[in-house]
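A short write-up of the structure that comes next.
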Amino acid sequence: GLYILDKNQEDISKRYPDVINHSIKNITVIVCDHFNNIWVSDNACLYQFNAFGKFIRKIDYQTVFNDKKQSRLITDIVIDEVADGVWFDLSGEGLAFYDLRNRKCIKYEKGGVMPLSDNRISNILLDKNNNLWVALAHTLEYKPRNDKYFISSPTVKWGNKQISNENNSL
């Protein structure tokens, strides 16, 4: 379940009734976006609450991914406010972007139409320029903000240092 630690030790059922009323089980990810909305993922849905615990929306994964899977393990989520969407790590099945405006999903996977070099993702991150970085099992790939495809760079600049992706080792 979802527990809220309230620094004022108020009765959370009065302060956060929408969070308490949504029976969320098997939580895999909780993230906060730049607007202080809280996004909670379980095995079936993604829930969005505002900073005061008021329910905003529930997104069913069967609808997002257009499949019949009853349960899906989501291990990482990144909220992309600029593109108005959500990036999902699909736990060994690649990566997906769900556009919140038009309710369309784009899947990125090894050998797919929108390819990644590997489906095993360990982390996803949006940088300050809104480029998406994906740490895969043996490499690092990124998708520049306005591009459709991921790029596997042999060398990544990190401050004054360069990190090499050669021989699949960072």
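The structure presented is a predicted model; accordingly, all values stated were derived computationally and were not measured. All heavy atoms count here, side chains included; hydrogens, waters and symmetry mates do not.
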Heavy atoms only: give me the nearest [X]-[Y] pair and the separation to one decimal.
X	Y	value
Val40	Ile38	CG2-CG2, 3.9 Å
Leu95	Leu132	CD2-CD2, 4.0 Å
Cys45	Lys58	SG-CE, 3.2 Å

Between the side chain of [X] and the main-chain N/O of [Y], is any donor-acceptor distance below 3.5 Å?
X	Y	value
Glu141	Ser117	yes
Asn129	Asn131	no
Glu81	His34	yes
Asp76	Ile124	yes

Looking at side-chain heavy atoms only, is the closest gap between [X] and [Y] below 4.5 Å?
X	Y	answer
Lys143	Tyr149	no
Val134	Leu140	no
Arg101	Asp84	yes

Measuring from [X]:[atom1] to [Y]:[atom2], what's the distance to the nearest 0.5 Å?
X	Y	atom1	atom2	value
Glu93	Lys110	CD	NZ	15.0 Å
Tyr47	Asp42	OH	CG	4.5 Å
Leu116	Met114	CG	CE	10.0 Å
Leu136	Ser152	CG	OG	8.0 Å
Thr63	Arg103	OG1	CZ	9.5 Å
His138	Asp118	NE2	CG	6.5 Å

Quiz item: According to the interplanar angle, ranging from 0 to 90°, do the rings of Phe150 and Trp87 count as parallel (below 30°), tilted (30 to 60°) or perpendicular (above 60°)?
Solution: perpendicular

Quiz item: Under 30°, 30 to 60°, or over 60°: which ring-plane class applies to Phe55 and Phe49, parallel, tilted or perpendicular?
Solution: perpendicular

Quiz item: Is it the case that one hydrophobic cluster holds both Ile121 and Ile106, taking links as side-chain heavy atoms less than 4.5 Å apart, direct or via other members?
Solution: yes

Quiz item: Considering residues at least two apart in sequence or located in another chain, which fulfil the side-chain contact (heavy atoms from CB on, under 4.5 Å) criterion with Asn50?
Solution: Asn37, Phe52, Lys54, Ile56

Practice problem: Linking directly or through intermediates, with side-chain heavy atoms under 4.5 Å: list the remaining ILVMFWY members grouped with Ile79, chain and number order. | Solution: Val29, Val31, Trp39, Leu46, Ile59, Tyr61, Val64, Phe65, Ile74, Ile77, Val86, Phe88, Leu90, Tyr98, Leu100

Quiz item: Are Asp99 and Lys104 close enough for a salt bridge, meaning some N to O gap below 4.0 Å?
Solution: no

